[in-house]
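Data block below; observations after.
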Amino acid sequence: MNTAAYFDALYQQADPFHYRSRWYEARKRALTLACLPRPRYTNAWELGCSNGVLTAELAARCDALLATDINQQALTEAAGSVSDCPHVTLQRAHHPGQWPPGRFDLIVVSEVGYYLDAGELQQMALQLDDSLAEDGLLLACHWRHPFDEARSTTENVHRLLRGGLLDVFNYQDEDLLLQAWSRQPTSVATWEGLR
């Protein structure tokens, strides 16, 4: 499977994943945002931003947000989603081959890991670890059902992304797996001085 060609064909239709119309997608975004342990992030990165529906909601929680995608049509749609967010930068990139400089205190990898083959996935996991700030959060969310284009299972994607990081949270149901990891223990109660 040529990943770029697959997404080029997919984005011939508007909102191919139904981010704007499916309850599954709205619920997944709500879960993702609710699980973030901090109210705000300084420098965030969303890999695989698609049409920018999640990007627009993350933007409200970030001082600066880089959103990348392999597909130009997806980025064109994302530009409409974040047109009132000057602190969001949209960039076309095919990861892990193309990689942004710098470190991020929030990295969101949602529904992209299983499109990579084993070598690409392992390389991406190592590069994500290098790009994660010392106090940063790496969040991953993926569909749990098998599908033809998947090159890896969701569980394998998350195992590789976790690497040697500490668990911050873990939510799963029949449809999705939502997890995050950090280098340091992360407690909202401690951060707010409640304990």
Side-chain angles (χ1 to χ4, degrees), residues 15 17 19-20 25-96 98-113 124-125 127-142 157-158 161-163 165-171 176-193:
D15 196 14
F17 295 106
Y19 290 129
R20 292 185 173 95
E25 295 295 343
R27 177 178 175 267
K28 180 179 70 177
R29 284 192 305 276
L31 285 167
T32 298
L33 293 163
C35 285
L36 293 175
R38 286 194 230 155
R40 194 148 191 88
Y41 293 85
T42 302
N43 189 30
W45 175 23
E46 179 191 10
L47 286 78
C49 66
S50 187
N51 61 6
V53 177
L54 176 60
T55 314
E57 296 192 44
L58 285 171
R61 307 267 302 266
C62 302
D63 296 337
L65 174 60
L66 171 65
T68 58
D69 201 276
I70 192 173
N71 184 268
Q72 187 56 54
Q73 182 57 38
L75 289 168
T76 299
E77 292 180 31
S81 298
V82 298
S83 60
D84 61 344
C85 303
H87 62 294
V88 174
T89 301
L90 300 173
Q91 194 173 89
R92 186 173 185 184
H94 186 188
H95 306 308
Q98 296 166 307
W99 207 258
R103 299 181 85 195
F104 303 88
D105 59 347
L106 173 63
I107 301 175
V108 176
V109 182
S110 184
E111 311 284 3
V112 297
M124 189 170 87
Q127 290 175 208
L128 285 169
D129 187 66
D130 287 343
S131 295
L132 190 64
E134 197 56 39
D135 64 343
L137 182 79
L138 173 61
L139 180 148
C141 184
H142 290 84
V157 169
H158 284 226
L161 293 182
R162 180 184 187 263
L165 298 172
L166 301 173
D167 294 325
V168 175
F169 62 77
N170 180 348
Y171 172 83
L176 67 88
L177 179 59
L178 172 63
Q179 293 179 290
W181 310 277
S182 184
R183 300 184 199 290
Q184 317 173 348
T186 304
S187 163
V188 175
T190 300
W191 180 75
E192 289 199 310

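Remember, it's a predicted structure, so these values are computed and weren't measured experimentally. Nothing fancy with the numbering, it's 1 onward along the sequence.
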message = Using the side chain to side chain contact (heavy atoms under 4.5 Å, CB included) criterion, which residues pair with A34? Sequence neighbours excluded.
response = none
message = Between E77 and S50, does the side chain to side chain contact (heavy atoms under 4.5 Å, CB included) criterion hold? Intermediate values first, please.
response = CA-CA 8 Å; E77 292 180 31; S50 187; over 6 Å; no
key: Min side-chain heavy-atom separation C141-L177 under 4.5 Å   = no
ask   = Which pairs count as ring-ring contact (aromatic ring centres under 6.0 Å, His included) when at least one residue sits in residues 47-90, sequence neighbours excluded?
value = none
Interatomic spacing from OG1 in T32 to CG in L58 - rounded to 0.5 Å = 8.0 Å
task = Please list, chain by chain and in numerical order, all residues satisfying side chain to side chain contact (heavy atoms under 4.5 Å, CB included) with A30, sequence neighbours excluded.
result = none
note = ring-ring contact (aromatic ring centres under 6.0 Å, His included) pairs touching residues 44-73, sequence neighbours excluded, are W45-H95, W45-W99, W45-F104
task = List the steps and the verdict of side chain to side chain contact (heavy atoms under 4.5 Å, CB included) for N51 and Q73.
result = CA-CA 8 Å; N51 61 6; Q73 182 57 38; over 6 Å; no
query = Stepwise, does the side chain to side chain contact (heavy atoms under 4.5 Å, CB included) test hold for R61 with L106?
reply = CA-CA 10 Å; R61 307 267 302 266; L106 173 63; over 6 Å; no
note = For V157 and H142 the tightest heavy-atom approach is CG1-CE1, 3.8 Å
task = If a pair satisfies salt bridge (charged side-chain N to carboxylate O under 4.0 Å, His left out) and one of its residues is in residues 34-44, list it, with sequence neighbours excluded.
result = R38-D105, R38-D135, R40-D63
request  = Work out which heavy atom in N71 is nearest to a heavy atom in A74; give both atom names and the distance.
outcome  = OD1-N, 2.8 Å
message = Return the CG to SG distance between N43 and C62, rounded to the nearest 0.5 Å.
response = 8.5 Å
request  = Say whether, by atom type as modelled, one donor and one acceptor occur between the side chain of R103 and the main chain of L132 under 3.5 angstrom.
outcome  = yes
remark   = Taken to the nearest 0.5 Å, the spacing of Q98 CD from I70 CD1 works out to 8.5 Å
inquiry  = Using a 3.5 Å distance criterion without hydrogens, assess whether the side chain of T68 forms a donor-acceptor pair with backbone atoms of Q91.
reply    = no
task = Please list, chain by chain and in numerical order, all residues satisfying side chain to side chain donor-acceptor pair (under 3.5 Å) with Q127, sequence neighbours excluded.
result = Q123
note = Correct closest heavy-atom pair for C35 and L178 would be SG-CD2, 3.9 Å
message = Suppose we screen for side chain to side chain donor-acceptor pair (under 3.5 Å). Which residues come up paired with R183, at least two apart in sequence or across chains?
response = D129
remark   = To the nearest 0.5 Å, atom CD of E25 lies from atom CD of E111 at 6.5 Å
key: Audit row: C49, L75, side chain to side chain contact (heavy atoms under 4.5 Å, CB included) steps and yes/no   = CA-CA 8 Å; C49 66; L75 289 168; 3.7 Å; yes
key: Where at least one partner belongs to residues 45-56, residue pairs that pass salt bridge (charged side-chain N to carboxylate O under 4.0 Å, His left out), sequence neighbours excluded   = none
message = My understanding is that only residues two or more places apart in sequence, or in another chain, count here; which of them pass side chain to side chain donor-acceptor pair (under 3.5 Å) with T76?
response = none
task = List for me each residue that meets ring-ring contact (aromatic ring centres under 6.0 Å, His included) alongside W181, sequence neighbours excluded, and say none if there are none.
result = H158
request  = Evaluate the side-chain proximity of S182 to L138: yes if any heavy-atom separation is below 4.5 Å, no if none is.
outcome  = no
query = For R162 and D167, which heavy atoms make the closest approach, and how far apart are they?
reply = NE-OD1, 2.8 Å
inquiry  = Could you check whether any side-chain heavy atom of P185 comes within less than 4.5 Å of a side-chain heavy atom of L166, counting everything from C-beta outward?
reply    = yes
inquiry  = Rounded at 0.5 Å granularity, tell me how far CG in L33 sits from CD in E57.
reply    = 5.5 Å
task = Return the set of residues passing side chain to side chain contact (heavy atoms under 4.5 Å, CB included) with T89 (not counting sequence neighbours), or none when no residue passes.
result = L66
ask   = With sequence neighbours excluded, what pairs up with A180 under the side chain to side chain contact (heavy atoms under 4.5 Å, CB included) test?
value = L137, L139, V168, F169
